[in-house]
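Both counts, for ligands and for their atoms, begin at 1 and track the order of listing. Keep in mind that this is a model prediction, so the values were computed, not measured. In what follows, residues are counted from 1 in the order of the sequence shown.
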Amino acid sequence: MRKHLLCSFIALIACMSFSACSSTALTNRSQLMLLNSQEEIALGEQSAKQVLQQSKVSNNQKQAQMIQRVGQRIADVAERPDFVWEFYLLEDEQVNAFCLPGGKVFVYTGLMPLVASDDELAVVLSHEIAHTILRHGAERMSMQTLQQIGGGLLGVIIGSAAPGYSNLFNQAYSIGSNVGVMLPFSRSHELEADKAGILLMQKAGYNPKAAISFWQKMSKNGEKNPSDFLSTHPNDSKRIAEIEKLLAQQEQKK
Ligand SMILES: [Zn+2]
């Protein structure tokens with residue numbers, strides 16, 4: 001808790017001193033941000049190349065087309081014209097999916113048995129795309145930078161540390177020994193990606209109620225075999241309740 005408070009304090013000082021803050025898209029939360037969008041995209045594109053070099057693209061055309069169809073519809077409403085969106089189905093039995101800054105989206109074949117419809121696939125793709133649109137990876141890199149160097153050297157790092165970002169990016173996204181698999185997101189990032197993901201999928205014309213059936217299936221699957229997805233996107237018993245609350249609030253407003 002103390003560490004958390006210290007981080008928040010340093011983040012606050014950083015925000016005040018160096019204009020190192022930005023606001024999240026869709027949820028409008030202020031976040032610490034030490035790298036700009038272009039740097040983030042360059043790192044994402046670099047990692048996407050690495051992922052493709054080290055993985056096998058699946059030749060299941062039907063599933064690949066489904067990912068392309070649903071992913072593109074969500075990308076169309078994500079308001080990131082600076083992204084070059086591409087969607088890949090990778091041959092891997094892990095239950096997982098992720099999106100890198102720049103717009104490269106990867107789904108493992110192991111996840112596909114858990115999605116019964118375009119709506120359910122839209123849940124997971126919009127959640128992953130939301131993490132990226134909300135710049136959660138970059139935010140985590142910024143926090144790590146602060147934790148590693150302390151507040152005093154901030155001016156130095158902001159001025160000159162751009163080359164060092166590559167290492168930090170790899171840490172934040174766990175690229176290297178474990179290509180493409182992210183470290184666990186925090187609970188607050190998870191809930192925020194759920195909320196923004198629901199907004200995105202609705203905007204793209206998908207049924208947000210699929211979020212409830214999808215997450216129920218995910219948590220059941222996680223009980224049986226500790227799922228890779230849940231290790232990077234920690235499931236919270238509150239997740240489904242929060243989604244139900246959001247949908248109920250939307251119903252009331254109608
Ligand atoms: Zn997540």
Taking the basic N atoms (NZ, or NE/NH1/NH2) and the acidic carboxylate oxygens, is any pair closer than 4.0 Å for E139 and R135? no

Could you tell me whether R187 and E190 make a salt bridge, using a distance below 4.0 angstrom between a side-chain N and a carboxylate O? no

Could you tell me whether any N, O or S atom belonging to H189 is less than 2.8 Å from the Zn ion (ligand 1)? no

The Zn ion (ligand 1) and E190: any N/O/S contact shorter than 2.8 Å? yes

Is there a side-chain contact between R80 and I41 (heavy atoms, below 4.5 Å)? yes

The ring pair (Phe, Tyr, Trp, His ring centres under 6.0 Å) partner of H136 among H233, H127, H189 is H189

Which atom name does H233 have for its N/O/S atom nearest to the Zn ion (ligand 1)? ND1

If I consider every N, O or S atom in H127, which one ends up closest to the Zn ion (ligand 1)? I only need its name. NE2

